[in-house]
Amino acid sequence: MYTEEVMDHFRNPRNVGEIENANGVGEVGNAQCGDIMKIYLKIEDDIITDVKFLTFGCGSAIASSSMATELIKGKSINVAVELTNKAVIEALGGLPKVKVHCSVLAEQAVNAALHDYAQKTGKKITGLEDFDPDYDVHEHEHEYL
Amino acid sequence: MYTEEVMDHFRNPRNVGEIENANGVGEVGNAQCGDIMKIYLKIEDDIITDVKFLTFGCGSAIASSSMATELIKGKSINVAVELTNKAVIEALGGLPKVKVHCSVLAEQAVNAALHDYAQKTGKKITGLEDFDPDYDVHEHEHEYL
Amino acid sequence: MERKVYLDNAATTMVRPEVVETMNKYYTELYGNPSSIYEFGQKAKKALGSARETVAGIINADTDEIYFTGSGSEADNWAIKGVAEKYCSKGKHIITSKIEHHAILHSCEYLEKNGFEVTYLEVDEYGMISLDDLKAAIKEETILITIMFANNEIGTIEPVREIGAIAKENNIFFHTDAVQAFGHIPIDVEEMNIDLLSASAHKINGPKGVGMLYIKKGIRLENLIHGGAQERKMRAGTENVPGIMGFAKAVEIAGKTMDESIEKMTVLRDRFMKLIPERIDNAKLNGHPVKRLPGNVNFSFEFIEGESLLLYLDMDGISGSSGSACTSGALDPSHVLMGIGLAHEIAHGSLRLSLSDFNTEEEVDYTVEKLVNVVDRLRQMSPLYTGRRK
Amino acid sequence: MERKVYLDNAATTMVRPEVVETMNKYYTELYGNPSSIYEFGQKAKKALGSARETVAGIINADTDEIYFTGSGSEADNWAIKGVAEKYCSKGKHIITSKIEHHAILHSCEYLEKNGFEVTYLEVDEYGMISLDDLKAAIKEETILITIMFANNEIGTIEPVREIGAIAKENNIFFHTDAVQAFGHIPIDVEEMNIDLLSASAHKINGPKGVGMLYIKKGIRLENLIHGGAQERKMRAGTENVPGIMGFAKAVEIAGKTMDESIEKMTVLRDRFMKLIPERIDNAKLNGHPVKRLPGNVNFSFEFIEGESLLLYLDMDGISGSSGSACTSGALDPSHVLMGIGLAHEIAHGSLRLSLSDFNTEEEVDYTVEKLVNVVDRLRQMSPLYTGRRK
Ligand SMILES: Cc1ncc(COP(=O)(O)O)c(C=O)c1O
Ligand SMILES: Cc1ncc(COP(=O)(O)O)c(C=O)c1O
């Protein structure tokens, strides 16, 4: 069902946990639908120096969280904001169709954390203009297939 | 499907053939329905001294003919006329439901031959009053089940 | 992964070696067509007759009340649609429950599209239907009550005998999907007033692709599969003689070992049901504590999701199952867990472990040990977890 | 009875040892449920995928156009009823032939009871439909043409490619019951414009109880069996993985050996077709002399009846089949023999010998030898016989 990369990130998820003094935190999804992702960012000089996640969800939700955090760790916020669900899927070597929404959730979680950081610091991050913190991927699932 | 007795009479049918100077011959059934029985009787002093048959039909038709001829051979015509399809079935150790009509045909064939004898000789055989040479068992199959 | 602990016997089972041996004989030696008149075919026909007798015996039915099918689902579809088509002039109302297998529910929905009315009875927190609800649902037009014997997810055993009595009293046919109960616990169609009963071979260590429908004498169903004269003209298709013989062998063994097997599995099940809540906080048993299949264990673990749970257990060689939506590609968790009133997030974290009598106490202990770790690991990862983080 | 010459391969076949071996692996080792997410289930799922590929390959279909069923009959029923239900708003007329298998004919009759109109095309003395008749039968309301690929009794191969072209031209679905042709002779659904095709594993040395329906992409059928999400939600029921793997193995071997097998069987068939009329008077070949299945031999012997013929042959260890009413408990001989215009009494005396590539020339000669004796013996017993009595 899952690729080796997915299983690797599921088996040994990178960056699990909380960051106590995170300056950007985003949470998306809901328990009703079976997946919630929460991402913690530590940003210094526009660079993501640390990132952690907590995820309630299926194997691909955990793997997507893990992969997304790896993809943005050490990157500048302008690069991180460009992270797409497609990039997550690619890095994971693919996801089953019915699991594509997990990668979207990961993209959303990163954006939510960046949005939180932007709000807290008053910074503007290009690419977040359309960000809707209440957007529910589960209602739009087919769009990403 | 068939009992040992049926198979025995099918494998080694008794009394197969024609009797050249038969004084009673009866034929019942029709090729369309898949079975015809023809019985030849040699009757002397009201005793069936010889009997032979020819049958076109399935295994149980052949076995029924064979058994019927065995059952009347050496008997008086008054005994022979009493032969029922049930007696044939019993002697054969049973017949499958869908094959019961074969035993009826055998009974009919014996009666037809006796009827022929009676007509030729002007004798009256008690029990043959209702005999209908054109009766078609296939149309009445269910009655004998 | 060295170890293998198979705890998904409610999904499907290993075929017993004796059953395989039986089938192999019919694959390569006695492969004749039972409808053929040569001896070779007649041998197969005779074998079929004895298989029918064995299968009938275990539910106290008559031999000619057993019709072999290609699956439990086919039997369910046939029973429901077959009754509906033949008796629709009597009425077009069917009563079932909310927690039936999809083979029942989707057949009912199909009939709804075709002008039938279906009442889906609610169940209580244990998954039990209410007999009063059932009585209240009966109308003049009700032609069929179909309630499962035992639930496949939570193991709850429905009050079948009482349902049968109510159906009889009201002159309504009673079908029960006994796919999970058949061969596992005692069933008596006579005593329980069951008119139609579905079963499936692969749930009792028999082959996949073989099922049966018991149809009480006197009930006429429209065929689901029309064609040849097999199964007394009721179910067409060259008889799957090897599969049916394998089914019968599995039934024979199930019958002989039932008491012993119930005892053994109940001990293992109860060990799970004792150890899990002892070792894991916020673990909720699903299904009835007592009126449940001897082989069924079902727990919900708060704060975590079922698929991850299954995958981590799989890494320890343990095969289980979950009612989580994520395992099925659906949006909602299983209708059964919803039906007993679980909140979505709780339902997502459910785990079914289903036993066979090949399982051992040692496997139970191993599984509990691993489960404790896995649940903890996932909770540590979960944003919902309210316990102590390490 | 020492010797065994099996010549009823059109009824069912011996399962190849390689096929049994394949199945056994899935019975006792890889018995996991393909719908389960643990590795053990995923292995079964992957296996299913490869089976689908193999089966698709032999008819030049796409992998996801193959749906496994529990028999050829189920596939036939599903195709016909499934199209009828989904497309009835387009029209309620179906065209078929008089010599289809009962799985087709009785499904059509069922639809007739439910408001459909069915045209049953006549066939010529060889069992061939007329393309002109077909064209003339097409109406505005025609939604489906279902004509068999090859006939099971007399082996005649219908002009499938031409039927496909006509169906396509008229925008009508074309289903073909290929149970007798599949795996035996080349089929290309693409080239032949076949929209739906039924097949059955046990006719090609695979297991009984497994069939398949090819459904061209884009065609939607109503389910015949509702329930779980198996077979892309189109056919419910836990997948019969061992059976399907066995089917695929049989297809694989059939594909590899097809040319060779056709050549070999054609030689044996033609030997029968040459020797029988040479040695036996009043023997009439049924079916087409050339456009026939390589494994099908069918003769009528005047003055005798089929069941007796079969039973005597059986005593010599030879298994054949007959279209006689007496073998089926019916009153009329087979509708196929009637359909090609045989008189009742001739039809009663028919014999089908159907080959597999396990048969040998020596078996053919042995069979002819015995047949000569048996026919003579029965004729000597027959009141209809016009030849010389001994
Ligand atoms: C032409 C044809 N169609 C359909 C079937 C039915 O196949 P099955 O027996 O697998 O249901 C058969 C064989 O019995 C057949 O020969
Ligand atoms: C309660 C119940 N009914 C029906 C079925 C369907 O049985 P099968 O998979 O044999 O079609 C199952 C199992 O899948 C089941 O558990």
J.: How far apart are the closest heavy atoms of C:G32 and D:T12, and which atoms are they?
T.: C-CG2, 4.1 Å
J.: Roughly how far apart are C:S319 OG and D:E39 CD, rounded to 0.5 Å?
T.: 9.5 Å
J.: Specify the closest pair of heavy atoms between C:E307 and D:I37, including all atoms of both residues, with the distance to one decimal.
T.: CG-CD1, 3.2 Å
J.: Of the backbone (N, CA, C, O) and the side chain (C-beta and beyond), which part of C:L224 lies under 4.5 Å from a heavy atom of chain D, both, or neither?
T.: both
J.: From C:I318 CD1 over to D:Y38 OH, what is the distance, rounded to the nearest 0.5 angstrom?
T.: 12.5 Å
J.: Among C:L313, C:I80, C:V20, C:V19, which residue forms the greatest number of heavy-atom pairs with chain D at distances under 4.5 Å?
T.: C:V20
J.: Would you call D:E222 and C:K113 a salt bridge, using N to O less than 4.0 angstrom?
T.: yes
J.: Below 4.5 Å from any heavy atom of chain D, which atoms of C:N77 appear? Answer side chain, backbone, both or neither.
T.: side chain
J.: Which one, D:M23, D:H101, D:R16, leads in non-hydrogen pairs under 4.5 Å with chain C?
T.: D:M23
J.: Return the option, out of C:I104, C:L105, C:V15, C:T13, with the maximum number of heavy-atom pairs under 4.5 Å with chain D.
T.: C:V15
J.: Mind checking whether D:Y31 and C:Y6 have parallel, tilted or perpendicular rings, split at 30° and 60°?
T.: perpendicular
J.: Starting at CD of D:E85, measure out to CG of C:N114 and round the result to the nearest 0.5 Å.
T.: 6.0 Å
J.: Name the region of D:E29, side chain, backbone, both or neither, that has any atom closer than 4.5 Å to a heavy atom of chain C.
T.: backbone
J.: Under 4.5 Å, counting heavy-atom pairs only, tell me which of D:S36, D:S200, D:G209, D:G211 racks up the most with chain C.
T.: D:G209
J.: We want to know whether D:N223 and C:Y110 form a side-chain donor-acceptor pair, criterion being a heavy-atom distance below 3.5 angstrom.
T.: no
J.: Measure the shortest side-chain to side-chain distance between D:E109 and C:H226 over non-hydrogen atoms and say whether it is less than 4.5 angstrom.
T.: no
J.: Working to the nearest 0.5 Å, report the span between NE2 of D:H202 and CG of C:N33.
T.: 7.5 Å
J.: Please classify the contact of C:E21 with chain D as side chain, backbone, both or neither, using a heavy-atom distance under 4.5 Å.
T.: neither
J.: Side chain, backbone, both or neither: which part of C:T69 has a heavy atom under 4.5 Å from chain D?
T.: neither
J.: If you count heavy-atom pairs under 4.5 Å with chain D, which of C:N240, C:V241, C:L311 comes out on top?
T.: C:N240
J.: Looking only at heavy atoms and a cut-off of under 4.5 Å, which of D:E74, D:Q230, D:M14 has the most pairs with chain C?
T.: D:M14
J.: For D:G227 and C:H106, which heavy atoms make the closest approach, and how far apart are they?
T.: O-ND1, 2.9 Å
J.: Going by residue number, which parts of residues 232-239 of chain C are within reach of chain D, meaning a heavy-atom gap below 4.5 Å?
T.: C:A236, C:G237, C:T238, C:E239
J.: Which one of D:I244, D:L30, D:D8, D:D76 has the most heavy-atom pairs closer than 4.5 Å to chain C?
T.: D:D8
J.: Looking only at heavy atoms, which two atoms of D:H102 and C:G228 are closest? And how far apart?
T.: CB-N, 4.0 Å
